[in-house]
Each structure stands twice: as structure tokens, then as C-alpha cells.
*Asks:* 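My questions all concern the structure below.
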Amino acid sequence: MPMEKTFNAAEAEARISKEWIARKVGRAGANAKPGPNGEPAKPFSIMIPPPNVTGVLHMGHAFNNTLQDILIRWHRMRGFDTLWQPGTDHAGIATQMVVERELARTQQPSRRELGREAFLEKVWEWKEQSGGTIINQLQRLGATCDWDREAFTMSGNFPEAVIKVFVEMYEKGLIYRGKRLVNWDPHFETAISDLEVENLEVAGHMWHFKYVLADKQTYEYVEKDEDGNVTLRETRNYISIATTRPETMLGDGAVAVHPSDERYKSIVGKMVHLPLCDRLIPIIADEYPDPTFGSGAVKITGAHDFNDYQVARRNTLPMYRLMDTRARMRADGAPYAEAVARAREIAAGSPTDEIEVDALNLVPEKYRGLDRFEARKQVIADINALGLSVSILTREIDEETGSEHLTRVPVVEAKKIMQPFGDRSKVVIEPMLTDQWFVDTAKIVGPALDAVRKGDTQILPERDAKVYFHWLENIEPWCISRQLWWGHQIPVWYGLDIWPTGFHDAEGDDALDEVELFALLADGAYNHAEPVYHCATDLAAVGEKFMDDLAALPAPLNHARVVEVADRAAAVETLAKALADYALTQDPTHLVYPVWRDADVLDTWFSSGLWPIGTLGWPENTPELQKYFPTSVLVTGFDIIFFWVARMMMMQLAVVGQKPFGTVYVHALVRDEKGKKMSKSLGNVLDPIDLIDEYGADAVRFTLTAMAAMGRDLRLSKDRIAGYRNFGTKLWNACRFAEMNNVWEGHETQAAPPAATATANRWIIGETAKALAEVDAALTEYRFDQAADALYKFVWGKVCDWYVEFAKPLFDGDQAEETRQTMAWVLDQCMILLHPIMPFVTEELWATTGLRKGLLVHTDWPTYGPDLIDAEADREMTWVTGLIDEIRSARAQMHVPVSLKLDMLATAMDATAAAAWERNETLIKRLARIESLTAAAQAPKGAITIAAEGASFAIPLEGIIDIGAEKARLAKSLEKLEKEAAALRGRLANPKFIESAKEEVVDEARTNLEAREDEATKLRAALTRLAEIG
RNA sequence: GGGCGGUUAGCUCAGCGGUAGAGCACUACGUUGACAUCGUAGUGGCCACUGGUUCGAUCCCAGUACCGCCCA
């Protein structure tokens, strides 16, 4: 059955993809070829950047995975032992969100109603049913991962690996627990990482409040202009502060001014009344406030602002937490009056600790329980009512009476402010002081920096290494705990601190008596203290650690059984019961020591950070781990250099002491055709699957590849994709042409090109070798765009534009068989070389044409070298194509109809030119539409002139020729030639050029000048002739 | 405010010390033994600006302007 006119992507891609998957073409080691001495094939491995299990393929994924597939296919065809490891990550927040939404949609019980265990079952159910979307989409893109190895950060060996790493890092002191300010998402009620925060500029306001000095004190407030002239002098009893978040003022610990700020020097150290609160806070001097911004005085709320937090830490200010996990004003704890009384004691120097400070709820009763934004309104209203807003006098005219009033209006500046939003929840992130687990990144960052500095790991493009260094050199502790359910639960168990200093073994007999028991049981003896904790891989292991602790206690408590309970409350209850039971029965076997596991899970990036070793089976030392680790290349987007790449580097180096990858290729962002970031809200998102439906995966892949210039964003337009779809069609039709000319009959793929005699055949074989060299060089350097460009130019510009045309006359001559063989070989090479970028259409052509032993995906990549380039054929074909171009151009400009075949005269022809003509006569005649060539002493009147190297031709066009047009054409060419010649002459006339320029440059200039002068002479002669006839 | 990029044909981008390139778009012609998802020919550029280095600068250096991105 003859081939169709176009490649049916929709039909063929589905079929081919299915076959690739069924035949496991991407399995690790497929098509691996041992070395010449039987040594094992060189490994080449890539870890897919795991998409979220909830993810759907977007343009960034399509881009990222196209590049990976190109590298993998290229290496696989070259006989490397390849592994492309696929998988997904469990995406804590995203998945929990998706499943919760699904529960709500189907009117099932909510997460909280279900409880942790039942909810997690729902998550797994969802994962089984819907978690494979993106994997299927990757397959549509043509990705040849080893699908049997699909990994998931919550399955297989991952849980064990993650827990093991946590425990080991904890034991090495690399992980610690602490109360820190973190990004808190009030919607999901969890800490989130910087990565998950989007800082957006939004319209906000700046309010200005007066904090009145204590004890009715006043000071001279003086403002000066740049020249030091006094512009304002007044006596003030307040300091003016500016804030965009008035509600946080309830937790202020101080007002800070810059130490150099002359305006406030006299009042640093004095106290001010905190409005709406019965507290005094100090004015402190700190480097943080910008004296030129606002009033120069800043309120410091350590528990709700990252900058303030640093100031509070530097100045040991108390940090009062104002909000609960949903960012409502706190309603817990003691009444305000009590809390504030204690706060005043603390301010006066009473000893305290951060637990007590955190427990103190300093939100006045009237604001308790309010949402933070509601509280803001109230606070503003109340401060205005107290007259403590900075205000200005404005004139108002009463409409009825026409009388003027002067009223004071609070100053509220409308202002653009940067506000943090949760990237999933879209709610405003609240900096919140909470207990979290941290990786002490400062301790593990060294090797990650060194690996890149020393070049063990290369980051491309180089400038992205700067980003990497910058971030790692300024690294912050990494908050790894999340207040979620879906994830790896932290392997830490807590127990009640029953080792209070107050415990008193009254008899000194090291045994527990009733009085002592009572003391332990008494409320407050232990359950208000911070629990003790241990970290271990499981309950049994952690139990042993608690047993070691218990050994310090009097008998029989030192032999209490460690049991696991749900939480702290359950522990208190269980212990109380056990002690009571013991008091009654004196049976020590009933004594238990309850422990409960940390409810938090680990940041998804913590497990993703172990992706390279985790997917290879670590902690088991699997053969895959030995073979494919460290991995060869990581292909990833620039946006996760810090969050993922840097963390993988740190963690792999910390855990197994090896770099995770040799090269990191960082690609840019895919934007829309106007250069805008694709976003759902802008509605400019191009869905790769839609594009694949419309144009085929090959076209989408080729487009992305052709645009993958290193370090530059891509502007994707459908026109471009359509263009490359046409490119696929072009190749398709070249093969179809071959088929119609029986090129494929009996053809089997040969590594070596056929022996060819025709110049055109020898030439195209050489061009193929050049193309291979270019593609190899480009891919070696990760210049995907150059590889695509080289192939486009070769396949379309050389093979289709010229070679197929040359073949037409050759098929009618003596060299037909050789030409058929050459064409088959060349088209084979097109398919092979294009395969990594356009796998589907090439695989289909492979199957459709010739006699093939196997799939193209497992066909060997060619290795021929520049020896295939025939310099003579190259020169000759340049002459031939140049001549054809000249004739066509002249014809077109003379408006000679294509259908008209012309007779041509050779007015001059040297031996080389004559030989070239002789060998390629049929080609030239056909393509230039020339009927005959005869020698002539000179061109007749009314002929157009064609100048070629070593030859001059004339085409008599008496009656047809437009003399004016021909004159113009020649004049234009001449002008251009003369301009070029003049430039060359000028350069060669400069002795300094001859002196300092490289020899070959000088030679080249001379040769060029000669050629131009020669051609110009011919054109001038032609012009002279034209002048003669009119 | 700090850092990093960019500015080349109408558009999207390559190039990078030695004669300015591609694709798309545009114009004209064209069913010539595959391809109209095509062919042939063509139009179109003070390579942002100002200096400097150099025999020679779109390319290297410095500054200016504008536009992005990242981090505060």
C-alpha cells in the first residue's frame, strides 16, 4: 500500500507509544553495547525531576522531559547502559488539598471527621485511581523512561530511606527541634517552605500611630532638610510609627530607631505606652530601621515579622504570639488582665522562658477570636478613637450651611506592598513562631559548595552556578516539619518529663512510695513541662532509649513498660492511671511509661532530596545503585535550583558522601508568545496535550528543542509548532518519494554509506557526515537548539531541497542504482539522527520503509567521521548549486516563465568548470530549466549574463528580455560586489592589517577580493553589451 | 535597594573580533515525476545609545537608556 501523503500523528503516536511501552524499550540497559574488549557499556543515567503525583503535564514538564528523552535516546542508541528513572513525589500539601476537595465534592466526611488513619486510606485510594495522570501524559510525549521502575516518594524503600536519613542526621546533630519564625499557611494550618510562598505586590495601606511616652515625658522633635536647615521643630510626647499590619501592634516588644537617627537620640531607652494595651515597651536603637523611610521609627513584633524577629533576637525582646493556627487572634490561655500582669513582670526583669512567653496570650479580650483582618479594622478604629493616629487638618465645607470646618483626618497612605501568599492556598502567609524541626544546613552545605566549585558537578549554564552559590552561601536553616497528615511522619517520640528537679526521694531508698507517687501525680508536677523526646527508626528502638532514661528513676518506675499512645493528653491520662493502679495494687508490671509520636510529617522536599539514591534502592546497596549512581545529568528548571538541586546535593553528600549528578542542565521558562509567564489567571496557558493533539508530539518536541538556547526563556507560539509539524511532513514526503522510486526495495540498513560515483551522491554522503558531527557536538554541549537547527538545515535544506531534486534525473541515468542506494542510506540517517528529537514520525518511517531488523529506538547511532566528506564533490556541488541559483534568480527577475526551457551559451569556461558541467549537466539543465548549452565566443545582443566561478554564461532572450530590468539586476549585483570589493581592498591596503591579522584571514581576504573582482568584470562586460543594444 | 540577564529583519530568536543569519510573516510567480503542512524568486537590518580597546567591534571593556527575572 503506498504511503499516505502525510503522517497521521494521532493514530501512529498512540500505536507506537503502546508498542514502546509493551516492548519495554526504555528498560535500564536496553541496547547497551559492551566495549571493544568486552568491557561493560558505560552507564548513563538521568533521574526525572519527580512531578507531583497530583500534577498534570504543563509546558515546563513537556520541555524538561523532551530534553531528558533526547539525551536518553541519544545515549541509548550510542550503546550506553542507560537508565531514565521515572516517578512522582507525594506532594504533601497539594495531595492533601486535592483529596480534601474530593471528599467535600462527593459529600463524604471531612478530613478531621475521618481522622488521620482513615483519611490516609482515602489518599492512597485516590493515588491508585488518579495519581498516574502525569505518567500517562509523559508517555504521550514519547518519554522512554524505564516505566517498570516508576518510583514514588511514599512507597517502596522510600519510607525506610527517609526515616533512616532523619535518624542518622538527628544523631549526627544535623537535625534539631526549635521554636522559630516560619511561613505559616493559615488555610492548611502548616508551616511551608519559602518555595511555597509567592511574594506579590498588592495594594495595601500604611497607617501611622502615635506611641505616647511614659510618665508624661516630652522631647524636642527636630527635622532637617538635606542642607541641615531645620524644617520642623516641635515638642512631642509621642513617637510616630508606621505599619502596614496594625493588628500586630498588640504583640509589639519595642519601638526601634536607627542609632544614627538624631531625631530620636534623646528618647532611646525610654518607655512608650502601647496603645490598646496595658503595657510599656522600650524605644531601642537597632540598625534595622531605615531613618529615611517613614518616621524612621519601627514597631517590633518579633513573633509576626521576619525582620522584627531578627531585631527581637538581637535585643532579647519578648516575642508574643498573637494568632492561632488559622490566623485568628488567640482566644486561649489566661484572661488578658492576668496575662498582661505577667508580661509586665517579665518586662521588669522577671525570669521566664520561651515556653511561658509563647503561652501568654496578650490579645485583649475584645479582639480575641477575631480573624486577623477583622482585628485590623478594629484596632485601627480603636486607635483612631483614642486620637492616637497621626492626622492632618483638612478643610471641609458643610453643604447645607456653607460653613467651613477644620477636621483632623488620620493619615492613611495607599501603598503597594509586598505580601506573601501560599502558592496552593492563595491566602496571606503569616510569619508564626512555632515549634518545628530543622536541618542545620550550615553544617552540611560545605561539600555541596565544594562539589560545584571543584567542578565535580557542573552546572549549566554557568551563570546558574552563581545562583546556586549565592543561595548556599547564605543558607538559612531548613524547616522540614509540616503540620500535615500525608507524608513521612517524623520518627520522634515524646514522653512526659517525670524527671523534675522537684522530685524528691524522701527516704533515699531509691523506691517509690505513696507520698512520692502523689507528688508525681499532682497536677503540674510534670504535665506543664516540655516533654522529653527521642528519635529512632521505630517504637521498639525508641522504647530502648526511653528505658535508658527511666533507669535513673526509683524502682519500680525504672522498669515501666514503654507504650505508645496517641498524644500528650492520652499520655498524661495513661500515666496517671498507671500510677494510680500501682498505688492500689503495688503490682509493678502494670506500670507503663506512655510515649507519643510527633504528629508532624516531613517536608516533601526532604524525601525528594533523597530522590537519586532513593529511587535506586538505598539503603540497600542494589546493583542499580552501584551502576547508575552518581547519575550522569539532571535536567531541571531554574526555579528549583535552591529548593531541590541544592538540597539533593547537600543530602546525597551528607548521606552517602557522593555527589548525586555529574552535570546539572538548568533550562529556562516556557512563556507565551508575548513573553508572559503562562498562568491560569492570565488564561494564556498552552496545554502540551492539546498541542500534541493538534500538531503531534514530534512537532511539539522539535519546537521546544529548537528553542532551547541555553539560559533563555522560550516564547512558544503555535505558528512555530506548525512550522515544525511541516518539517516532519517534509521528511515523510521525501521518504514517500523514495518509495515511489523503489528506493526501499530490498533495502536493509547499513552503517556504511554505499560506494558512490556521482558527485551529488558523494556530496550528500559528506553532508550527512557533517550533520552527524554537528548533532553530536551540539548534544555533547547540551546545545539542543543547535542540534535541532543542524538537522533542520540538513534534512530540509540539503536532502529535500537539493538531493531529492538531483536524484530525479539521476534515476533516469546510469547511476540510478547507486542513487537509490545512496538515497536509502541518507534517509535512514535522517531518521536515525532525528529520532531523539522526533521519535514518532521517524519510528513510523522506519517501520514503513525498507527491511528493518528492529525498532528505530534501538538502532545504533552512526559513528562515521569526516572521512566521508569528499572535498572535491563539495566544491563541485557548491559550483552547481551556485550556478542553478544564479540562473533561477536571473530568470525570475526577468519574468521568464518557469515552463519555458532556455538555451544557454558558454562564453567562457575553464577546465574545472567544464568538467563540473560535464558531470552534472542533467542536474543543472533540469533544475535551472535549461534546454541546451553551446559554446559561443561572445554573448549575443539581448542576452542575460550568468557569472560563475571559472565560467561565464549567456542566455539569449531576444524579444523576451526586459533590458531595463536586466540592467537594473546587473547594476544591483555589481553595486553589491563593488561595495564588498572596496571593503576588502581597503583592508588589504592597510599595512597594519597585513601585519597583525592572522595569515589565513589575509589570504581569505585576497581570495575573496579576486573572486569579486572577477565577477564584477563579467558583470561590467554584460552591462556594456546591454548599453550597446539600448 | 541588591544580584543576574536581555536589547540583532515586521515577529520569535541564532550568531559573536574579520563579507549580518534562520524560522515565521510579507510580496510576486508557480499543480515542474515526494510534499500547497509545498516549490522558486524576492522585500526587509546605523546588530538600543555613547565612549574606549583593536589594523578591524554586532561581538571585548566602561557608561547610559529601556525591558525582564530572582532576592530583599
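Letters go in sequence order (proteins before strands), and every chain restarts at 1.
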*Asks:* Within the structure, does a side-chain N or O atom of A/Lys466 lie under 4.0 Å from either OP1 or OP2 of B/G5?
*Replies:* yes

*Asks:* Let's see if you can work this out: which of B/C24, B/G18, B/U32 has an atom nearest to the side-chain heavy atoms of A/Ala997?
*Replies:* B/G18

*Asks:* Would you write out the dot-bracket form of RNA chain B, 5' to 3', with Watson-Crick and G-U pairs under 3.5 Å, [ ] for crossing pairs, | for pairs to other strands and . for unpaired bases?
*Replies:* (((((((..((((....[..)))).(((((.......))))).....(((((..]....)))))))))))).

*Asks:* Any side-chain N or O of A/Thr6 below 4.0 angstrom from OP1/OP2 of B/C35?
*Replies:* no

*Asks:* CZ of A/Phe737 versus C1' of B/U37: gap in Å, rounded?
*Replies:* 19 Å

*Asks:* Answer yes if the ring centres of A/Phe7 and A/Phe840 are under 6.0 angstrom apart, and no otherwise.
*Replies:* no

*Asks:* Between A/Glu745 and A/Arg820 (salt bridge meaning N to carboxylate O under 4.0 Å), is one present in this structure?
*Replies:* no

*Asks:* Is it the case that the base of B/A36 and the side chain of A/Lys5 share a donor-acceptor contact (distance under 3.5 Å, atom types as modelled)?
*Replies:* no

*Asks:* State which of B/C24, B/C35, B/U32 makes the closest approach to the side chain of A/Asp719.
*Replies:* B/C24

*Asks:* Which nucleotide wins on minimum distance to the side chain of A/Ser889, given the candidates B/G42, B/G15, B/C24?
*Replies:* B/G42

*Asks:* Using whole Å, report how far CD of A/Glu774 lies from C1' of B/G15.
*Replies:* 14 Å

*Asks:* Tell me whether the NZ or CZ atom of A/Lys808 lies within the 45° cone about the ring axis of A/Phe737 and under 6.0 Å from its centre.
*Replies:* yes

*Asks:* Classify the nucleic acid contact of A/Ser996 as base, sugar-phosphate or nothing, counting any heavy atom under 4.0 Å across all strands shown.
*Replies:* base

*Asks:* Which whole number of Å gives the distance between the C1' atom of B/G6 and that of B/C49?
*Replies:* 15 Å

*Asks:* Can you measure A/Lys979 atom NZ to B/G45 atom C1' for me and round it to whole angstrom units?
*Replies:* 11 Å

*Asks:* If you measure from the C1' atom in B/A9 to the same atom in B/A72, how many Å do you get, rounded?
*Replies:* 40 Å

*Asks:* How many whole angstroms separate atom CD of A/Glu476 from atom C1' of B/A72?
*Replies:* 12 Å

*Asks:* Look at the side chain of A/Asn990 and decide which nucleotide, out of B/A34, B/C55, B/G23, has an atom nearest to it.
*Replies:* B/C55

*Asks:* For B/U32, does OP1 or OP2 lie under 4.0 Å from any side-chain N or O of A/Arg891?
*Replies:* no

*Asks:* In this structure, which one of A/Gln829, A/Lys793, A/Lys798 forms a side-chain hydrogen bond (donor to acceptor under 3.5 Å, both in side chains) with A/Glu767?
*Replies:* A/Lys798

*Asks:* Whole Å only: how far is the CG atom of A/Leu927 from the P atom of B/A41?
*Replies:* 11 Å

*Asks:* Let me spell it out: for each of A/Met707 and A/Asp789, pick the nucleotide of RNA chain B with the closest heavy atom. Which residue's pick is nearer the 5' end?
*Replies:* A/Met707

*Asks:* Between B/C24, B/G39, B/U19, which one does the side chain of A/Lys730 approach most closely?
*Replies:* B/G39

*Asks:* Which part of the nucleic acid, if any, lies within contact of A/Asp885, taking any heavy atom under 4.0 Å across all strands shown: a base, the sugar-phosphate backbone alone, or nothing?
*Replies:* sugar-phosphate

*Asks:* Please tell me which of the listed nucleotides, B/U19, B/A41, B/U40, lies nearest to the side chain of A/Ala892?
*Replies:* B/A41

*Asks:* Rounding to a whole Å, what distance do you find between A/Asn474:CG and B/G2:P?
*Replies:* 16 Å

*Asks:* Taking the same atom, C1', in B/G21 and in B/C47, what whole-Å distance lies between them?
*Replies:* 11 Å

*Asks:* Could you give the CH2-to-P distance, from A/Trp471 to B/G2, as a whole number of Å?
*Replies:* 24 Å

*Asks:* Between B/C69 and B/C29, how far apart are the two P atoms, rounded to whole Å?
*Replies:* 45 Å

*Asks:* In whole Å, what separates the C1' atom of B/C46 from that of B/U58?
*Replies:* 11 Å

*Asks:* Report yes if at least one side-chain N or O of A/Arg736 is closer than 4.0 Å to OP1 or OP2 of B/C35; otherwise report no.
*Replies:* yes

*Asks:* Roughly how far, to the nearest 0.5 Å, is OG1 of A/Thr768 from CZ of A/Phe794?
*Replies:* 3.5 Å

*Asks:* Can you tell me how far C1' of B/G30 sits from NE2 of A/His895, to the nearest Å?
*Replies:* 14 Å

*Asks:* Check whether A/Lys1018 reaches the backbone of A/Ala948 with its side chain - one donor and one acceptor, N or O, closer than 3.5 Å.
*Replies:* yes

*Asks:* With no hydrogens and no angle check, just 3.5 Å: does a side-chain donor-acceptor pair link A/Asn761 and A/Glu818?
*Replies:* yes

*Asks:* Does A/Lys976 have a side-chain nitrogen or oxygen under 4.0 Å from the phosphate oxygens OP1 or OP2 of B/U19?
*Replies:* no

*Asks:* Counting N and O atoms only, with roles assigned by atom type, does the side chain of A/Arg736 sit under 3.5 Å from a partner on the main chain of A/Met3, one being a donor and the other an acceptor?
*Replies:* yes

*Asks:* Classify the ring geometry between A/Tyr782 and A/Tyr665 as parallel (under 30°), tilted (30 to 60°) or perpendicular (over 60°).
*Replies:* parallel

*Asks:* Have a look at A/Asn1008 and say if it touches a base, only the backbone sugar-phosphate, or nothing, with a 4.0 Å heavy-atom cut-off.
*Replies:* base

*Asks:* Starting at the 5' end of RNA chain B and moving along, which residue's nearest nucleotide shows up first, A/Asp812 or A/Trp796?
*Replies:* A/Asp812

*Asks:* For nucleotides B/U54 and B/C60, find the distance between their C1' atoms and express it as a whole number of Å.
*Replies:* 10 Å

*Asks:* Please output the side-chain donor-acceptor pairs of residues 992-1006 of chain A that fall under 3.5 Å, not counting sequence neighbours, one pair per line with the distance.
*Replies:*
residue	atom	partner	partner atom	Å
A/Ser996	OG	A/Lys992	O	2.3

*Asks:* Counting any heavy atom closer than 4.0 Å, what does A/Ala734 reach on the DNA or RNA strands: base, sugar-phosphate only, or nothing?
*Replies:* base

*Asks:* In terms of the angle between their ring planes, are A/Trp796 and A/Phe727 parallel, tilted or perpendicular, with boundaries placed at 30° and 60°?
*Replies:* parallel

*Asks:* Given B/G15, B/A34, B/U37, which nucleotide is nearest the side-chain atoms of A/Arg725?
*Replies:* B/U37

*Asks:* Just call it for A/Glu886: base, sugar-phosphate, or nothing, with non-hydrogen atoms closer than 4.0 Å on any strand.
*Replies:* nothing

*Asks:* When you get a sec, tell me which of B/A34, B/C35, B/A72 is the closest nucleotide to the side chain of A/Thr729?
*Replies:* B/C35

*Asks:* Pick the C1' atom in B/A25 and in B/G10, then give their distance to the nearest Å.
*Replies:* 7 Å

*Asks:* Using a 4.0 Å heavy-atom cut-off across all strands, classify A/Tyr792 as base, sugar-phosphate, or nothing.
*Replies:* sugar-phosphate

*Asks:* Indicate, yes or no, whether a donor-acceptor pair under 3.5 Å links the base of B/U32 to the side chain of A/Arg929.
*Replies:* no

*Asks:* Assign A/Cys800 to base, sugar-phosphate, or nothing according to its heavy-atom contacts below 4.0 angstrom with the strands shown.
*Replies:* base

*Asks:* Considering only heavy atoms and no angle criterion, is a donor-acceptor pair shorter than 3.5 Å present between the side chain of A/Arg888 and the base of B/U40?
*Replies:* no

*Asks:* Considering only side-chain heavy atoms of A/Asn726, which listed nucleotide, B/C38, B/G39, B/U19, is closest?
*Replies:* B/C38

*Asks:* Taking the minimum atom-to-atom distance to the side chain of A/Val804, which one of B/G18, B/A34, B/G15 wins?
*Replies:* B/A34

*Asks:* I'd like the P distance from B/A57 over to B/U19, given in whole Å.
*Replies:* 12 Å

